[in-house]
Amino acid sequence: DPDTGATLASAPMAASSSFSINSPTYYDGMVFVGLAGGRVQAFNAVTLESLWVYQNENGGQPNCPITVCDGYLYTGFWTGEETAADFVCLTVTDEDPSQTHEAKTAAWRYTHTGGFYWAGAYVADNYVLIPTDDGDSGYTSGYASILSLNPRTGELISSIRLPHPGDARSSVTYDNGRAYFTTKGGYFYSAAVSENGELSDLRHIKLYNYANDAKNPAMSTCTPVIYNGRAYIGVSGVG
């Protein structure tokens, strides 16, 4: 209860939340939660009755925010810095209301070495924008990418490999024809996005943490907030 804090409903989850370090996502009377082992579980938002459970065949930690748009759910998983993991699209439909834990099948999966960690998607009518990990251990080697995928098929529309090492571990923010995101390598990026999802004109700003040390970059895992011509992000210190 929002006024008293009393519990109105509760229900068991299909697995532990493990590395699910994101809030549940609400959409159209449903709540979606990322769970250990590459799972997403859907609940009725009022009764908390389970509606379905998705199990990703590559497993993974559910570290990415869950984005829902027009009846489709988008999220990514992470299995290790140098191993493959999936970004997936699911319909939110409860195909069999008689089953509380029916096995949901992905509409599509996109597999990437390094996977997706803290990477939240921006979803438009014609494309989905998602950043990736760099596919290498640490954050001073390996190169991440920004991907543009078809929201209904998962087909790669466009991608840009970033010119500086480091995982891209923020959500994508869109503003006025450009996508914005940050990296653990210490950069703030933007890229132009066409109506059809083609990426171009990558720009960057090197972040600063008073160290100026390549082995201790000014990491950012913060999702940019764009307002009135300015971007706001957080940057790590030297410790």
Side-chain angles (χ1 to χ4, degrees), residues 1-2 7-79 85-112 115-125 127-133 147-154 168-174 181 221-223:
D1 185 280
T7 299
L8 300 177
S10 64
M13 299 186 297
S16 67
S17 58
S18 184
F19 281 88
S20 180
I21 43 186
N22 299 283
S23 302
T25 296
Y26 173 87
Y27 175 84
D28 196 23
M30 294 169 280
V31 172
F32 307 95
V33 182
L35 300 174
R39 295 178 179 90
V40 176
Q41 187 169 9
F43 296 90
N44 180 293
V46 176
T47 67
L48 294 188
E49 178 184 34
S50 178
L51 303 176
W52 49 257
V53 179
Y54 170 70
Q55 170 74 69
N56 181 254
E57 65 183 61
N58 282 331
Q61 297 174 3
N63 297 335
C64 293
I66 293 172
T67 302
V68 184
C69 182
D70 292 334
Y72 289 85
L73 179 156
Y74 304 88
T75 194
F77 301 99
W78 187 86
T79 59
D86 294 334
F87 182 81
V88 301
C89 171
L90 317 173
T91 65
V92 301
T93 306
D94 183 10
E95 287 90 356
D96 186 356
S98 67
Q99 299 291 326
T100 59
H101 287 68
E102 68 181 275
K104 170 68 72 171
T105 301
W108 53 259
R109 298 186 301 125
Y110 184 92
T111 303
H112 179 79
F116 306 88
Y117 199 117
W118 292 334
Y122 174 79
V123 184
D125 290 340
Y127 56 85
V128 176
L129 304 179
I130 187 75
T132 75
D133 257 26
L147 308 177
S148 176
L149 306 175
N150 183 298
R152 296 295 176 261
T153 68
R169 291 189 172 182
S170 81
S171 297
V172 174
T173 299
Y174 176 89
F181 57 99
T221 57
C222 289
T223 298

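Along the sequence shown, the residues carry numbers beginning at 1.
Using a 4.5 Å cut-off on side-chain heavy atoms (C-beta onward), Phe32 and Leu90 make no contact. In this structure, Phe77 and Val40 have side chains that are in contact, with non-hydrogen atoms separated by less than 4.5 Å. Taking 4.5 Å as the limit, some side-chain heavy atom of Leu129 sits within range of a side-chain heavy atom of Ser148. Thr173 places a side-chain heavy atom less than 4.5 Å from the side chain of Thr223. The side-chain heavy atoms of Leu147 and Phe116, taken from C-beta on, include a pair separated by under 4.5 Å. Within the 4.5 Å cutoff, the side chain of Asn56 has heavy atoms near those of the Val88 side chain. Side-chain atoms of Val172 and Ile130, non-hydrogen and from C-beta on, never get closer than 4.5 Å to each other.
Note: Trp108 and Tyr74 have tilted aromatic rings, judged against thresholds of 30 and 60 degrees for the angle between ring planes.
The two residues Asn58 and Thr79 come nearest to each other via the heavy atoms O-CG2, 3.5 Å.
Residue Trp52 holds its CH2 atom at 13.5 Å from OG1 of Thr100, rounded to the nearest 0.5 Å. Note that OG1 of Thr93 and CG of Leu73 are 11.0 Å apart. Values are rounded to the nearest 0.5 Å.
Considering His101, Glu102, Met13 in turn, His101 is the only one that fulfils the side chain to side chain contact (heavy atoms under 4.5 Å, CB included) rule with Val53.
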